[in-house]
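Right, one structure below, let's go through it.
Since the model is a prediction, treat every value here as computed from it, not as a measurement. In this chain, residues are counted from 1 in sequence order.
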Amino acid sequence: MSNKAITREYYINKLGFKQYGNTDYDGYLMLEKDHIQIHFFEFKALDLKENYGQVYIRTNSIDQLYQSLLDNNVPIHPNGKLHTKPWGQKEFALLDTDNNLLTFGEAV
């Protein structure tokens, strides 16, 4: 993450994560949602145009998750609309505030 405050706001207010733990560490952010934990290290010099970070998150309710993000006006990646892939996963993707690719998938 390039900016802890912006990352925290996006993941909590847009994606529904919560702060994990009671301690606010300088340059480190821990978030959780359902059974998912994501830990971020602050890297203020991160070049967002060159960032190629990615995370794959499996879910059991992809249709509801996708619709909730649409309802909250969270931009879905133009090439990442909800779609069933040939390898048996229903997936969609979005970019967070640091251009990390978040792909969500559910087995079909």
Side-chain angles (χ1 to χ4, degrees):
M1 70 184 164
S2 62
N3 183 299
K4 184 176 175 179
I6 291 172
T7 298
R8 177 188 286 128
E9 189 279 329
Y10 177 80
Y11 277 83
I12 290 174
N13 295 327
K14 293 290 189 181
L15 301 183
F17 279 76
K18 295 178 184 175
Q19 182 90 25
Y20 177 76
N22 297 323
T23 306
D24 186 14
Y25 298 101
D26 186 40
Y28 189 69
L29 177 62
M30 298 181 294
L31 300 170
E32 70 176 340
K33 180 178 180 176
D34 301 325
H35 299 288
I36 299 166
Q37 261 188 32
I38 302 178
H39 294 223
F40 296 90
F41 293 95
E42 193 168 45
F43 182 55
K44 293 181 181 186
L46 180 66
D47 182 347
L48 301 184
K49 293 178 182 176
E50 297 293 324
N51 185 18
Y52 54 88
Q54 56 184 328
V55 176
Y56 193 96
I57 301 172
R58 294 195 185 273
T59 182
N60 293 324
S61 54
I62 198 159
D63 293 307
Q64 293 88 347
L65 176 59
Y66 186 74
Q67 189 58 53
S68 73
L69 295 174
L70 292 177
D71 292 346
N72 286 315
N73 298 312
V74 175
I76 304 301
H77 191 283
N79 297 322
K81 306 286 187 212
L82 187 61
H83 183 73
T84 301
K85 303 296 184 179
W87 50 88
Q89 290 287 111
K90 195 172 192 180
E91 298 179 349
F92 72 92
L94 55 92
L95 295 173
D96 75 3
T97 54
D98 287 312
N99 283 338
N100 292 303
L101 180 66
L102 304 178
T103 302
F104 296 86
E106 179 179 15
V108 291

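With sequence neighbours excluded, no residue satisfies side-chain hydrogen bond (donor to acceptor under 3.5 Å, both in side chains) with Gln54. Residues passing the side-chain contact (heavy atoms from CB on, under 4.5 Å) test with Ile36 are Phe17, Ile38, Ile57, sequence neighbours excluded. Evaluation of the side-chain contact (heavy atoms from CB on, under 4.5 Å) rule for Asp63 yields Leu82, Lys90 as partners, not counting sequence neighbours. With sequence neighbours left out, the side-chain hydrogen bond (donor to acceptor under 3.5 Å, both in side chains) criterion links Asn79 to no other residue. Residues satisfying the side-chain contact (heavy atoms from CB on, under 4.5 Å) criterion with Asn72, sequence neighbours excluded, are Val74.
Sorted by first and then second residue, the side chain to side chain donor-acceptor pair (under 3.5 Å) pairs involving residues 92-108 (not counting sequence neighbours) are Ser2-Asp98, Thr7-Asp98, Tyr11-Asp96, Asn51-Asn100, Asp96-Asn100. Screening residues 21-32 for side chain to side chain donor-acceptor pair (under 3.5 Å), with sequence neighbours left out, gives Lys4-Asp24, Arg8-Asp24, Tyr28-His39. Under the salt bridge (Lys or Arg N to Asp or Glu O under 4.0 Å) criterion, no residue pair touches residues 36-54, with sequence neighbours excluded. Screening residues 44-89 for ring pair (Phe, Tyr, Trp, His ring centres under 6.0 Å) gives Tyr66-Phe92 as the qualifying pairs, with residues at least two apart or on separate chains. For residues 75-86, no pair satisfies salt bridge (Lys or Arg N to Asp or Glu O under 4.0 Å), with sequence neighbours left out.
Nearest heavy-atom pair across Thr59 and Ser61 is OG1-N, 3.2 Å.
With rounding to the nearest 0.5 angstrom, the CZ atom of Phe104 is 11.5 Å from the CD atom of Glu91. In this structure, CD1 on Ile76 lies 10.0 Å from CG on Leu102, to the nearest 0.5 angstrom. Put simply, CD on Gln64 and CG on Leu69 are 11.5 Å apart, with the number rounded to the nearest 0.5 Å.
Grouped with Phe43 in one hydrophobic cluster are Leu46, Leu48, the linkage being side-chain heavy-atom contacts under 4.5 Å among Ile, Leu, Val, Met, Phe, Trp and Tyr residues. Alongside Leu101, the hydrophobic cluster contains Leu95 (criterion: ILVMFWY side chains under 4.5 Å).
Clustering ILVMFWY residues whenever any of their side-chain heavy atoms sit less than 4.5 angstrom apart, transitively, puts Val55 in the very cluster that holds Leu15. Cluster annotation: Ile6 is not connected to Leu94 through the hydrophobic network of ILVMFWY side chains, with a link wherever side-chain heavy atoms come within less than 4.5 Å.
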